[in-house]
Protein chains: 2
Amino acid sequence: MFANIRIVLVGTTHPGNIGATARAMKNMGLEKLYLVQPKIFPHPEATARAAGADDILNKAIIVTNLNEALAGCKLIFGTSARERSLPVTVVNPRQAAIQALSILSDSKFSENIAFVFGQERMGLTNDELLSCNYHIFIPAVENFSSLNLAASVQIITYELYMAHVETLPPTSQNHYESLASAENLELFYQYLQQVLITIEFLQPNNPRYLMRRLRRLFNRAKLEEREVNILRGILAMVQKKIEE
Amino acid sequence: MFANIRIVLVGTTHPGNIGATARAMKNMGLEKLYLVQPKIFPHPEATARAAGADDILNKAIIVTNLNEALAGCKLIFGTSARERSLPVTVVNPRQAAIQALSILSDSKFSENIAFVFGQERMGLTNDELLSCNYHIFIPAVENFSSLNLAASVQIITYELYMAHVETLPPTSQNHYESLASAENLELFYQYLQQVLITIEFLQPNNPRYLMRRLRRLFNRAKLEEREVNILRGILAMVQKKIEE
């Protein structure tokens, strides 16, 4: 499902964490696992904790340094439990997932995205973090903020899956529904403006600024014909209720 | 922090999962752990996986049945990996967390909230699930949908913490981008639904279909925080005008 997304574990100490990572990945539809110099792997503890995600362990790619794991990756997120004063943008897992999915949905993007996790005790080194475009900071209480490695992977893969589920194209039927015509869109915008003036949300003498923002918003959504009809139906009911 | 929230593990088989649960709880500011008939506890493996959350293990309350663990609880969420045909509302972890926090923020609520997790292999029994007000279903791929027990606890405690953090006023420090938070979006959708029912555009007993289409539409637009504020402003004016 997420064929262009890699999970990269660097210098993992406990084989159990590798297995638990594989399970978390498989639960959420990820399959590409890269291991940079794992201390002990393969190992029965990894297989046990994978609990059926053996295929991901078997396909795992073992490399000797982070650069090898990142070859072919255009967007790289590094996780960090500690606050660092590095000049890199910090995002939370939800923001990272939304960003990753919106880039994957761009048909011009054909490279890979990596999520990099450091060694259990120390995390990623500053040098490793500087190979990343973004740092992910998992919100946690201040005096106990270091999560288990596989738990961190679980949260990030869960957010990816949630972002995926929430942006799923509705149903196969809808692919055949036509986008709204420019004329219909324009009629909708004019109707919207008129109703917003009626409810005194817009100043009649200066509706421009807010209307521009609203047009931008709805244009981004690429409205379908049926959706425009729903929105116009809502406006009609608002007008009717106010006139009652 | 979440003094009124209990994590209840029923019939846990592996002590490691109890330790990992304690760590996940402490990471996210929870402290009340109830164990219903754990197979092996205490145990060095639990302490090892707790990785410093020993205080939560030491304070854990061991009981002989679920009812004892739920005494004093008014709102009970039960996790379930399998689809069951029980007449209980199913929510995802994010919805559960938002609901739990909104109830906790009600000053009239002085009882407790429980999140109940079943045995590793079998999950909660139907009888146990019927003691719950809501079922939580963690979204996952269909043919590999059973998460590790402690990983499930981690996701739910993470969502609680996220819901808590995102209802805090933003600080100048945060690097948050302009995208609306999931919580704010959810509040907007709830407000939208309420207004659409008021104007009689939605049938109050069956708002699902149209709300799903509208969510899909706005999700596609990837709303920014400011846009959500504009939309909520419009809804507020509609409501005001109708009440006038």
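Chain naming here is simple, since letters A, B, ... match the order of the sequence lines and numbering starts at 1 in each. Just so you know, these numbers come straight off a predicted model, no measurement behind them.
Between B:Glu244 and A:Ile242, every side-chain heavy-atom pair lies at or beyond the 4.5 Å cut-off. Side-chain contact between A:Ile138 and B:Met28: present, with at least one pair of heavy atoms (C-beta onward) separated by less than 4.5 Å. Contact check for B:Phe201 versus A:Val238: no side-chain heavy atoms found under the 4.5 Å cut-off. Residues A:Leu217 and B:Leu231 form a side-chain contact, since some pair of their non-hydrogen atoms from C-beta on lies under 4.5 Å apart. A:Leu214 has its side chain within reach of B:Ile234: a pair of non-hydrogen atoms, C-beta onward, lies under 4.5 Å apart. With contacts defined as side-chain heavy-atom distances shorter than 4.5 Å, the pair A:Lys240/B:Glu200 does not qualify.
Residues B:Phe144 and A:Arg23 come closest through the heavy atom pair CE2-O, 3.7 Å.
Of the possible donor and acceptor atoms, none in the side chain of A:Asn27 sits under 3.5 Å from a partner among the backbone N and O of B:Val141. Put simply, the side chain of A:Arg49 never gets that close to the backbone of B:Asn148: no donor and acceptor are under 3.5 Å apart. No donor-acceptor pair under 3.5 Å is formed between the side chain of B:Arg213 and the backbone N or O of A:Glu227.
Note that CG of A:Leu235 is 8.5 Å distant from CD1 of B:Ile199, once rounded to the nearest 0.5 Å. Between the CE atom in B:Met162 and the CD atom in A:Glu159 there is a gap of 6.0 Å [rounded to 0.5 Å].
Using a 4.5 Å cut-off between heavy atoms, A:Ala151 touches chain B through backbone and side chain atoms alike. Looking at A:Ser146, the atoms closer than 4.5 Å to chain B (heavy atoms on both sides) sit in the backbone and in the side chain alike. Contact of B:Asn143 with chain A is not made at all, since no heavy-atom distance falls under 4.5 Å. For a residue to count as touching a neighbouring chain, one of its non-hydrogen atoms must lie under 4.5 Å from one of that chain's; by this rule B:Leu223 touches chain A with backbone and side chain alike. Looking at A:Leu196, only its side chain comes within 4.5 Å of chain B, counting heavy atoms on both sides. Using a 4.5 Å cut-off between heavy atoms, A:Ala150 makes no contact with chain B at all.
Of all the listed residues (A:Arg94, A:Met1, A:Glu142), the one sharing the greatest number of non-hydrogen pairs under 4.5 Å with chain B is A:Arg94. In terms of non-hydrogen atom pairs under 4.5 Å with chain A, the most contact-rich of B:Ala53, B:Ala51, B:Ala24, B:Pro139 is B:Pro139.
Between A:Tyr158 and B:Tyr158, the two ring planes are perpendicular [angle over 60°; tilted spans 30° to 60°].
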